[in-house]
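Data first, discussion second: the structure below is written as structure tokens.
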Amino acid sequence: MKDEDLRKRGLAAYIAVYRWKNTGFDFLKPLLSDEAQLLRFDAVSALMIDGGPAGRRLAIAHAAVEPNPVLKKMLLKPKAE
């Protein structure tokens, strides 16, 4: 999670949530506030895809402070039925 390669850190976010579920959320919280948009996107995506209801709530709560308007809009978009 501390590698300089953003791709590796992003992949680690997906793995952390997939393997550790709620326990992995603590590893993702710093990524949600990272300067790199790529890492924020990967962290949010991991939470939405494999985080279950708790992960989705965390990702949606992050929308309030997300600086990128496109990512923020994606988070607040209603889920397709």
Side-chain angles (χ1 to χ4, degrees):
M1 294 294 233
K2 303 217 187 258
D3 197 285
E4 289 185 26
D5 188 339
L6 298 180
R7 297 169 301 168
K8 290 179 184 177
R9 291 174 62 197
L11 180 58
Y14 288 100
I15 293 169
V17 174
Y18 180 77
R19 297 286 292 171
W20 301 322
K21 300 292 180 203
N22 293 13
T23 309
F25 293 177
D26 289 336
F27 295 106
L28 265 66
K29 287 178 184 176
L31 297 182
L32 290 172
S33 61
D34 198 281
E35 182 179 323
Q37 178 180 322
L38 175 64
L39 291 180
R40 293 193 316 273
F41 179 82
D42 284 341
V44 163
S45 296
L47 289 168
M48 295 297 280
I49 293 169
D50 289 320
R56 285 189 284 283
R57 281 191 300 273
L58 180 60
I60 291 168
H62 166 71
V65 295
E66 172 55 47
N68 182 282
V70 175
L71 184 52
K72 185 175 196 163
K73 184 178 177 180
M74 286 173 47
L75 285 168
L76 297 176
K77 184 177 180 181
K79 182 179 170 184
E81 300 285 327

Query - Pair listing, salt bridge (Lys or Arg N to Asp or Glu O under 4.0 Å) test, anchored in residues 30-40, at least two apart - result: R9-D34, R40-E66
Requested in this report: Output all residues satisfying side chain to side chain donor-acceptor pair (under 3.5 Å) with D42, sequence neighbours left out; order by chain, then residue number.
Outcome: Y14
Query raised in the report: Where do K72 and A63 come nearest, in terms of heavy atoms and distance?
Result: CE-O, 3.0 Å
Report summary line: Contacts of A54 meeting side chain to side chain contact (heavy atoms under 4.5 Å, CB included) (sequence neighbours excluded), chain-then-number -> N22, F25, R57
Query raised in the report: How long is the gap from CG on N68 to NZ on K73, to the nearest 0.5 Å?
Result: 12.0 Å
Query raised in the report: When clusters are formed from ILVMFWY side-chain contacts under 4.5 Å, directly or step by step, what else is grouped with I15?
Result: L11
Query - Smallest separation among heavy atoms of A46 and A13, with atom names - result: CB-O, 3.7 Å
Query raised in the report: Can you tell me how far the CG atom of D50 sits from the CZ atom of R19, to the nearest 0.5 Å?
Result: 12.0 Å
Query raised in the report: When rounded to the nearest 0.5 angstrom, what distance separates CG in L75 from OG in S45?
Result: 8.5 Å
Report summary line: Rounded to the nearest 0.5 Å, the CG atom of L39 sits from the CG atom of L32 at a distance of 10.0 Å
Query - Contact list for residues 21-30, test salt bridge (Lys or Arg N to Asp or Glu O under 4.0 Å), sequence neighbours left out - result: D26-K29
Requested in this report: Might you point out which heavy atoms bring L47 and A59 nearest each other, and give the distance in Å?
Outcome: CB-CB, 4.0 Å
**Report entry** Test log, rule side chain to side chain contact (heavy atoms under 4.5 Å, CB included), inputs H62 and V44
**Finding:** CA-CA 8 Å; H62 166 71; V44 163; 3.8 Å; yes
